[in-house]
Amino acid sequence: MESFQRSALTSLLVTQVFLFAASQFAATAGVVVDLVLLGLVNADLDRMRTRAAAAASDGGDGGGGARGSAQRSHSSTRTAP
């Protein structure tokens, strides 16, 4: 996932600069797509880090197996704002 984050940042900081120099109006859609992609990747990385930290502090899956951890992650996504 971190490689996707790096590629999105590279696209935003390098590629989009040259596209804007060529045509500002046409490059706007590319910037929007890159920003959305970067936001999704960052959110997924945060979710993965939170899940890893919770598993480390919980001592594993809490004895519930894969199903128990899936239920916990599903219930936590419903309560998030």
Side-chain angles (χ1 to χ4, degrees):
M1 287 308 283
E2 291 176 4
S3 61
F4 286 123
Q5 183 183 27
R6 288 186 195 111
S7 67
L9 284 171
T10 302
S11 177
L12 275 170
L13 298 174
V14 177
T15 308
Q16 293 299 328
V17 171
F18 293 112
L19 289 175
F20 259 86
S23 174
Q24 292 178 358
F25 183 73
T28 304
V31 169
V32 170
V33 169
D34 282 346
L35 287 173
V36 168
L37 179 64
L38 184 61
L40 290 172
V41 169
N42 282 333
D44 198 36
L45 281 171
D46 287 342
R47 182 185 54 83
M48 289 171 57
R49 288 180 186 135
T50 304
R51 183 180 289 174
S57 67
D58 194 20
D61 61 3
R67 183 181 172 131
S69 64
Q71 288 174 345
R72 279 194 305 274
S73 67
H74 181 66
S75 65
S76 66
T77 57
R78 282 187 273 148
T79 59

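Reckoned from all heavy atoms, side chains included, excluding hydrogens, waters and symmetry mates. In this chain, residues are counted from 1 in sequence order. Given the structure is predicted, the values throughout are model-derived calculations rather than measurements.
In terms of modelled atom types and a separation under 3.5 Å, the side chain of Ser11 and the main chain of Ser7 share no donor-acceptor contact.
When Val33, Val32, Val31 are each tested for a side chain to side chain contact (heavy atoms under 4.5 Å, CB included) with Leu35, only one passes: Val31.
The shortest non-hydrogen separation linking Gln16 to Asp34 is NE2-OD2, 3.2 Å. When all heavy atoms of Leu37 and Ala8 are compared, the closest pair comes out as CD2-CB, 4.3 Å.
If you take CG on Leu45 and CG on Leu40, they are separated by 11.0 Å, rounding to the nearest 0.5 Å. To the nearest 0.5 Å, atom CZ of residue Arg51 and atom CG of residue Asp58 are 13.0 Å apart.
The hydrophobic clustering, which links ILVMFWY residues whose side-chain heavy atoms are closer than 4.5 Å, places Leu9 and Phe20 together.
Counting heavy atoms from C-beta outward, Leu38 and Asn42 have side chains that approach closer than 4.5 Å.
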